[in-house]
Amino acid sequence: MITLGHGAGGMLTRRLIETRFLSRLKSPALSSLLDSAVLGDLALTTDAYVVSPMIFPGGDLGRLALCGTVNDLAMVGATPVGIAAAFILEEGLSEETLDGVVQSMAEAAEEARVEVVAGDTKVVPRGACDGMFITTSGVGRLHESFSPRPSAITPGDAILVSGTIADHGMAVMSAREGLSISGAVMSDVAPLNHLVSRLRGFSSGIRALRDPTRGGLAATANELAEAAELTLVLQEPAIPVRPSTRTACELFGIDPLHVANEGKLVAVVSDEVKNDVIQTLRDHPLGRHAALIGEVAPGKPRVELDTALGTRRVVRLPQGEILPRIC
Ligand code: MG
């Protein structure tokens, strides 16, 4: 039986994908497990969004559905060409709620400078879905001189993050639980395509990009380590976390490394360009808290964390059901 844990982006999600899907839908592009499939000079991606509540501090389901797909295209270096959106609406949903979600999707599309060019609507009876679910797909155009892929990661490379982590997941959790924390916890949901286009000039100096969504930085770092077959060593004190978000994590007893982000990227870059890349990220509003958080070392494919206490521990894929319906 499927459990909520199968949707949490950790070990169970990984096993679900490998045993139920990859074994049957045999496609090299699918099995590459990149954020988007690479098909010649095009990139293609699709994502379903079921976040609860559908409106949360810093965004809503419409903005999330647009940005998530734009970001998956950006992580393989593609410029978005067009987005398709399918809406599943529950009987009884108010037109006002629907208008708000579609309006913020439109605003996010304008921010990303991409259009929603195809769509579908379905209505299901009361109780058959929770208000509204959206699936978005995106097509992007790849650039010949810029193709960040985890397989290009080399020992000695630097690991960067474009800003504070765990804001999205904690904003959704706080809204769901009715928690109010001073210095509000806000989702970071944003389109990253303009930020990534500024990195194009670094060409192969940008080894790999990944958006640490479900499963958070812990899942993303593990995926990169496995794809590169190398050890990623992270420095815990260097990883930026907003104080209000850290407070929320402590209240829920959740490691910020396991919490979803929707407007951040992890970049693995060559040692020679790392300082210039950090500066380039910081020059953009969406990257102003960019930081160097670790480096790639030879060794087994795994993630190690040098903690604030001066110890080193292994960071595994999140286990079980931590944060269901966060995106
Ligand atoms: Mg992604």
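What you see is a predicted model; the values in this text were computed from it and never measured. Note that ligands are numbered from 1 as they come in the structure, with each ligand's atoms numbered from 1 the same way.
A distance of 5.0 Å separates CG of D167 from CZ of R242, quoted to the nearest 0.5 Å.
Looking at D35 and the Mg ion (ligand 1) together, the shortest N, O or S contact belongs to OD1.
Residues R210 and D35 are paired through a salt bridge, judged by an N-O separation under 4.0 Å between the basic side chain and the carboxylate.
For the residue pair S94/T97, the side-chain donor-acceptor check at 3.5 Å is satisfied.
Taking the Mg ion (ligand 1) as the corner point, the angle from D72 atom OD1 to D211 atom OD1 is about 100° (rounded to 10 degrees).
Counted within 6.0 Å of CZ on R198, heavy atoms from surrounding residues, nucleotides or ligands total more than 12; the atom is thus considered enclosed.
Taking 2.8 Å as the threshold, D47 does not count as a candidate ligand of the Mg ion (ligand 1), since none of its N, O or S atoms lies below it.
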